[in-house]
Amino acid sequence: MRPEPHDRPVPHDRTTRYGDHPVPTPSPPGRRRPRQRVIALAALPPLAAGVIWALTSAPASGAPEPAAGPPAPALAGSPRLYTPLANPDAYKQALKLPGSAAGVRDAARIIRMVRTPHAVWYGDQTPEAVEKDARAVTRDAAVDGSMPVFALYNIPGRDCSNYSAGGASNTAEYKAWIDGVARGIGKRDAVVVLEPDSLALLPSECGKGEEAEKTAARYEEVNYAVRSLAALRKTRVYLDTGHAGWHDVAGIVPRLIKGGIKNATGFYTNASNYQTDEANSWYGKLISSCIAYVDKGGDAASCPSQKGDKAAAQAWLEKNVTTPPSQMKHFVTDTSRNGKGAWTPPAGKYTDPQDWCNPPGRGLGVRPTTRTGDPLHDAKLWIKTPGESDGLCLRGTAGPQDPERGTVDPKAGDWFAQQALELVRLADPPLLPGGRAADGEEEADGSGVAPGEPDPAG
């Protein structure tokens, strides 16, 4: 793979596998779709299968929501999040794990991870195919009483044509594709995470020519998607901001405004990245406040940075932002892989450390929920599908091995067994009852559940 054309920590991992795999058909009322899990468990020794079934029998999306407060108004209609079919390679990995107690526990963790609500990714299909797929998923979710999260990733020139190159060929093709998504969703509940990197990584930053024309087209495409999808009665649309380790607030807010944030529910941050919950929440609050400040005639350049003094920034907010949270733009965050925070590469070891690309020693973060306790923070989601690779990570070397792992990493979107085990073993909060926190200490209540989060054991 080519080295990055810029020096920003950009998340390039994307997967559109749901466009290739069969889409689930609606389940009978009150039932999930356990068939893949049943087949997988049938191949295990009876004792191991029984233990895994007991540990994972309560669907993550079916557990009661935590009591941190009522669902955010933007998501109040359907607080339960949808769990799509898992990557089949996750079950294959679980089957291959040793039959020891440790192996059975790891298998249970893998199954628990993939049966936790996460986004359905679409990109590269025809308008007819994406319409059919989106309709099948939203119907299935409606029968199940849950709400799907769609990550739409088909913008022309996505990812500067690097690791996740692809997308529609031109603006007209993209608009037709968005029309297909809109027809598929229809009047049913949906959350749309619109085009990761579309605003944080503009064509003007790719260095590939015709930058002014392509950037103008990018804003036209994003605006069209926002208008088309936000017009659907039960669809909530969130726009891209990259993550807290990338653009300053004053830099990303003008892009959101130009991208049509006024017509969207809000924005999202940390998609497929590793920033901590604290960093994400603070970044979201500052962005939302800056948008409100600009709406009242202020200059985005005056907004405080997420990287500056927090007390000074808070004082600025109290002085300059008077809009009530109910009238501000809300946000959602990706907690799929941020349990251990961002990776710090060894100093001076790599010319391009690619800290976003399959970093070692990361863990799952807080389970998805619409009850965050923050009036601006609509949901914590698993936007990235944890366990799927970020791509071939070379870190400035000739390759083909990832020098930090000693392996050739799978291509973007393929199952990465080594990383999947790291994520489930280092999950914070732990995935299973009686799990241990990332520092090796037992959780205070022994449940391995985050404060306010439902116990996955029921």
Side-chain angles (χ1 to χ4, degrees), residues 13-27 31-44 48-49 51-63 80-97 103-123 133-134 136-141 143-144 146-151 193 272 334-337 363-365 367-368 381-390 410-425 427 431-432 456:
D13 54 308
R14 305 290 178 247
T15 172
T16 56
R17 66 181 181 84
Y18 292 99
D20 300 321
H21 289 189
V23 176
T25 54
S27 306
R31 292 183 59 189
R32 298 301 298 153
R33 302 173 306 284
R35 183 171 180 269
Q36 285 182 304
R37 185 168 64 121
V38 172
I39 293 172
L41 294 179
L44 292 170
V51 171
I52 292 175
W53 182 276
L55 288 172
T56 63
S57 59
S61 64
R80 200 156 67 95
L81 297 168
Y82 176 74
T83 304
L85 289 178
N87 188 320
D89 289 334
Y91 291 110
K92 294 178 183 177
Q93 179 181 6
L95 288 173
K96 292 178 181 178
L97 288 168
V104 169
R105 193 163 187 83
D106 280 339
R109 287 168 171 153
I110 294 288
I111 293 171
R112 166 61 73 196
M113 176 176 70
V114 299
R115 295 184 67 241
T116 296
H118 54 276
V120 178
W121 285 76
Y122 288 139
D133 290 354
V137 168
T138 52
R139 283 177 173 174
D140 188 45
V143 169
D144 189 55
S146 61
M147 176 172 54
V149 177
F150 292 121
V193 173
S272 303
D334 187 353
T335 65
S336 59
R337 304 187 297 179
L364 299 171
R367 308 302 96 80
L381 306 173
W382 282 11
I383 296 174
K384 166 68 178 180
T385 306
E388 293 183 352
S389 177
D390 295 329
K411 68 180 182 179
D414 283 356
W415 192 254
F416 193 179
Q418 182 186 88
Q419 186 186 61
L421 275 179
E422 292 171 358
L423 290 172
V424 299
R425 288 172 174 172
L431 276 174
L432 299 178

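In this text, all values refer to a predicted model and were calculated from it rather than measured experimentally.
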Beyond-backbone contact of Asn87 with Val114, side-chain heavy atoms, under 4.5 angstrom: no
In terms of heavy-atom contacts, Trp415 and Met113 come closest through CH2-CE, 3.6 Å
Tell me if a side-chain donor or acceptor on Arg112 pairs with a main-chain N or O of Val424 at a distance below 3.5 Å. no
Between Pro386 and Gln419, is any pair of side-chain heavy atoms under 4.5 Å apart? no
Restricting to non-hydrogen atoms, name the atom on Pro148 and the atom on Thr138 that form the minimum distance, rounded to 0.1 Å. CG-CG2, 4.0 Å
Hey, could you give me the CG/CH2 distance between Asp334 and Trp382, rounded to the nearest 0.5 Å? 10.0 Å
Interatomic distance, CG@Asp133 vs OH@Tyr122, rounded to 0.5 Å, equals 4.5 Å
Between Ser336 and Leu364, the two heavy atoms sitting closest are O-CD2, 3.2 Å
Might you point out which heavy atoms bring Ala420 and Gly387 nearest each other, and give the distance in Å? CB-CA, 4.1 Å
Which is it for Asp390 and Arg337 under the side chain to side chain contact (heavy atoms under 4.5 Å, CB included) test, yes or no, and what are the steps along the way? CA-CA 12 Å; Asp390 295 329; Arg337 304 187 297 179; 3.0 Å; yes
Return the CG to CG distance between Asp106 and Leu432, rounded to the nearest 0.5 Å. 9.5 Å
Out of curiosity, Ile383 CD1 to Phe150 CZ, how far, rounded to the nearest 0.5 Å? 14.0 Å
If you round to the nearest 0.5 Å, how far is CG of Leu431 from CD1 of Ile111? 11.5 Å
Does any N or O in the side chain of Tyr82 come within less than 3.5 Å of the main-chain N or O of Val120, such that one atom is a donor and the other an acceptor? no
When rounded to the nearest 0.5 angstrom, what distance separates CZ in Arg105 from CD1 in Ile110? 13.0 Å
Do Pro84 and His118 make a side-chain contact, defined as non-hydrogen atoms from C-beta onward lying under 4.5 Å apart? yes
Pro368 versus Pro117, closest heavy-atom pair with distance: CG-O, 3.2 Å
Could you check whether any side-chain heavy atom of Gln93 comes within less than 4.5 Å of a side-chain heavy atom of Leu421, counting everything from C-beta outward? yes
